[in-house]
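The next block holds one structure in the form of structure tokens; read it before the comments.
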Amino acid sequence: MPVHTVKDVNDLDTKVPPHLQHVSISNLKLTSDCLHRSVKGKVVQKGPVVSCRQREYLLKAVIQGEDPQQRSASQHASINVIFFGTLAKDFSQSVSQGDIILLAGFTISKSPSEQTDKLHPCHLEMSGPDACVHPKYTYIPLSELKPRSIVNVYGVVTFFKQPFPTKGTDYCSTLKITDQSNAKVGCTIFSEKLEDHPKIFRVGDIIRLHRVKAQMFNGSMTLLTTLGWSTITFDGMIDSPVEPRTSSRTFHFDEADKHTVEALRQWAASQSLLTSESTVPLSSVQPKMYFDLTCQLLSKACMDSRCILLKVWDGTECGHSLLNVAAAPDALEGESTCFQDQQNMTANILVYDNHLEVARMLQPGMFLRLYNLHAVPQTPPGQPPDVPQHLVFHLHGGTSYGRGLRSIPSDSPDLQSLKRVLESHAEKQAAEAEVNDGTLLDVWYTPPETVGPISNMKYPFTSLCVYPVQTCDHSLQQVSLAHVKTSIPPVVCHVQARVKSYQPQKLYQCLKLFCPQCKTVKDVPDDESIAQVFEEALRSSNQPCSEHWAVTSSADSHQLDRTVTMHMSCDMVLDNTHLQMIFLQGVTLDEMCIISGSHKNLVPVCSGEDRRMRLLDLSAPFLFCGDKRYYGCEHCSQSSFVDPVVSGVDVWDEQNVAKALGVQLMQYMLLLQFELEDETGTLDALLWEDAERFFNVSSAETSANQELQDRVQNIMDRIHPSGSSMAERPWLALCLSVYTVEENGRTQVCYQITNTETRGNL
DNA sequence: GGTTAGGCTTGG
């Protein structure tokens with residue numbers, strides 16, 4: 001862009017390329033070589049952007065040479081300048097009448113209006129890629145303000161109010177500033193956009209104002225915003241980076257600005273304008289005092305239409321007992337404050353009236369500063385009046401004494417020590433959680449039961465406490481989900497997230513069968529389809545099997561109109577292990593279930609045309625063992641029945657039975673997909689390889705055990721209560737493995753929850 | 001070309 005909004009470069013006079021030679025306006029001639037020349041002057045007239053014949057935009061302005069001697073010596077100190085195209089638009093937007101500018105890359109032509117306007121006989125044309133305009137600002141000491149002048153100033157903030165709505169159309173910021181001239185000047189800033197107001201965090205901040213109007217009010221000089229005003233603000237601490245706070249994308253800031261800020265910082269320090277007691281830690285708060293608090297928001301709740309509760313901490317323990325204000329569970333948003341409550345570190349702040357607008361926009365985790373907070377002693381409700389009073393904090397309505405609140409960016413220099421303190425607490429908390437497995441403090445999860453009436457006693461540990469924790473031994477820094485998505489696999493990340501949704505919703509569907517050979521995953525068939533396989537076998541095989549390796553006994557049931565046959569291996573009979581594996585033919589699923597209740601390994605079979613023994617279709621279990629059923633992989637098992645090899649096996653379990661029958665045993669597993677969410681987005685993560693650890697169950701046992709199924713359901717209900725809002729769900733500390741899988745020649749990145757257990761009592 | 005506000009506590 002040819003109108004330069006300079007960022008962190010040298011001052012204009014030194015920054016302009018050295019080959020450019022300064023020419024005074026009165027010395028400009030038609031014959032001048034303009035290629036390497038620049039002119040400087042004040043914008044004394046600025047016209048509107050108009051479109052001309054070629055449908056190009058143009059803007060006319062008059063600039064006047066700066067030097068008063070030159071002005072008096074020559075009538076040609078003012079010159080017309082015509083800006084073309086985008087330059088015209090840019091100039092219109094970013095330069096105001098009265099600004100000092102430096103022009104380069106112009107061409108000189110004869111002025112057609114010399115006779116009428118009596119200005120310079122030439123005019124300058126600004127077009128093409130070489131043309132550029134640099135604005136130059138001069139700053140007036142606050143003691144030298146003249147009424148009705150429009151000026152640019154720098155100052156140190158000695159008093160401020162956060163923007164508040166006026167009776168008119170705008171928000172108003174009221175400040176008082178001072179500078180080395182020691183004048184104290186009030187400023188009134190009007191803008192209907194909150195983001196345009198100066199970002200002042202504390203007394204001692206440094207503010208720069210452009211195009212503000214000086215005027216007298218009540219005998220004092222004040223500054224008022226005018227059309228085209230702008231502002232940027234800086235931290236006031238010596239040695240902190242000179243970084244402008246602004247929401248404007250185009251602002252001028254150069255080396256000279258940096259020096260001005262640094263000089264003001266030094267001066268302010270020498271005047272003790274930045275007092276360290278400007279904000280007070282909770283540990284130093286005394287009853288009835290008004291103070292500024294810097295803290296982190298843990299949770300918030302809407303109390304009524306005129307009051308919002310903020311629960312905050314600053315990592316220090318208050319010397320006076322802190323009141324715990326109860327909120328309706330469904331009104332509470334954010335993290336549990338159990339840990340902080342137990343250490344008398346949670347400040348409960350009631351925010352009233354005009355401050356609700358700002359408070360509503362706050363998110364748990366944000367860093368805040370509250371100005372003119374009132375420490376109010378109060379007898380806890382329901383307690384006799386002789387119990388010591390507790391402190392609760394009120395941010396009363398109104399803006400007296402700068403009363404208000406705002407969020408502070410987490411990279412602010414004066415937030416860094418607070419952040420270190422909070423982080424060290426978080427580490428301690430995590431370490432305690434690791435050690436005291438059974439008596440965990442509930443860090444991220446607030447059971448609804450604990451948000452009851454205000455009580456002085458510490459929250460009892462309820463049996464509802466459960467939350468997942470990372471159990472991997474490496475200590476990784478926690479990252480956002482957005483960060484996980486940009487990391488390159490394979491890698492392991494730690495995140496903190498909530499469960500937005502999960503699949504399958506019917507939890508019995510999360511139990512799967514997995515073939516370790518071919519990696520096939522399939523659903524556990526339901527009883528109806530298994531019963532059908534049994535029915536099919538009954539219909540197709542009415543003759544008992546005849547196997548040379550087996551002893552067989554049949555029972556005809558006229559009532560059932562079929563023959564039930566039992567086979568067992570001759571070798572087993574000899575080994576005296578014959579009751580450990582029995583082949584059953586001619587039974588229904590129901591009968592199988594009844595019989596397996598009292599027998600160890602029952603293998604349902606049928607007979608073919610040749611009366612050879614066959615296993616049922618492998619979509620049904622090939623083995624029943626008590627309540628448990630075992631399945632074989634349809635792809636990886638021997639396709640025809642093999643004579644069971646029984647020698648050398650003392651104890652028959654599902655592994656040995658499968659091996660003896662040439663069946664590839666399928667494993668039970670739990671498979672869930674979670675949609676995780678944090679402030680930065682959502683991410684789908686699977687839970688399977690470490691699912692048994694997560695739920696603290698065995699998948700195979702879970703397949704046959706209602707109690708274990710209830711446990712899984714219970715845990716899911718804790719981390720994703722049905723009908724809950726996102727805000728009510730607990731934050732989970734999870735370990736995520738990022739890995740790739742190849743599918744159809746395509747590489748896909750996958751996320752899996754690993755090394756994470758749910759802890760606590762159920 | 002521009003109303004608003006132009007510091008100064010308190011109820012819940």
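This structure is a prediction, so every number in the text was calculated from the model and none was measured. Order of the sequence lines sets the chain letters (A, B, ...), proteins ahead of strands, with each chain counted from 1.
- Comparing the same atom, P, in dG6(B) and in dT10(B) gives a spacing of 14 Å after rounding to whole Å.
- In the region residues 186-198 of chain A, proximity to DNA chain B at under 4.0 angstrom, judged on heavy atoms, holds for Thr188(A), Phe190(A).
- We find that the ring of Phe159(A) and the base of dG7(B) stack, their centres lying under 5.5 angstrom apart and their planes tilted less than 30°.
- Here the side chains of His320(A) and Pro287(A) are in contact, with some heavy-atom distance below 4.5 Å.
- Heavy-atom nearest nucleotides on DNA chain B were determined for Tyr171(A) and for His374(A), and the one closer to the 5' end corresponds to Tyr171(A).
- One N or O donor and one acceptor, one from the side chain of His396(A) and one from the base of dG12(B), sit under 3.5 Å apart.
- Under 4.0 angstrom from either OP1 or OP2 of dA5(B) there lies no side-chain N or O belonging to Lys161(A).
- Residue-level contact check: Phe164(A) touches the backbone only, with heavy atoms under 4.0 Å from sugar-phosphate atoms and none from bases.
- Between Phe234(A) and Phe253(A), the ring-plane angle classifies as tilted under the 30° and 60° cut-offs.
- With DNA chain B read from its 5' end, the first of the two nearest nucleotides for Thr169(A) and Tyr352(A) is the one closest to Thr169(A).
- The backbone N or O of Ser240(A) sits less than 3.5 Å from a side-chain atom of Arg265(A), completing a donor-acceptor pair.
- Of the possible polar contacts, one joining the Lys46(A) side chain to the Val95(A) backbone as a donor-acceptor pair under 3.5 Å is found.
- Contact annotation: side chain of Asp304(A) to base of dG12(B), donor-acceptor pair absent below 3.5 Å.
- In this structure, Arg208(A) forms no cation-pi arrangement with Phe251(A), as its terminal cationic atom is not both closer than 6.0 Å to the ring centre and no more than 45° off the ring axis.
- Arg202(A) and Asp414(A) are joined by a salt bridge, as a carboxylate oxygen and a charged side-chain nitrogen come within less than 4.0 angstrom of each other.
- At a threshold of 4.0 Å, the pair Arg403(A)-Asp353(A) does not count as salt-bridged, since none of the basic side-chain nitrogens sits closer than that to a carboxylate oxygen.
- Annotation: ring pair (Phe, Tyr, Trp, His ring centres under 6.0 Å) contacts involving residues 282-302 of chain A, sequence neighbours excluded, comprise Tyr290(A)-His374(A), Phe291(A)-Phe393(A).
- Comparing dT4(B), dG6(B), dT9(B) against the side chain of Thr222(A) picks out dG6(B) as the nearest.
- A donor-acceptor contact under 3.5 angstrom links the side-chain atoms of Tyr290(A) to the base of dT10(B).
- Classification of the Trp313(A)-His425(A) ring pair by plane angle, with boundaries at 30° and 60°, yields tilted.
- Within the 4.0 angstrom heavy-atom criterion, only backbone atoms of the sugar-phosphate kind lie near Cys172(A); the bases stay farther away.
- Residues of residues 354-364 of chain A that place a heavy atom closer than 4.0 Å to DNA chain B do not occur.
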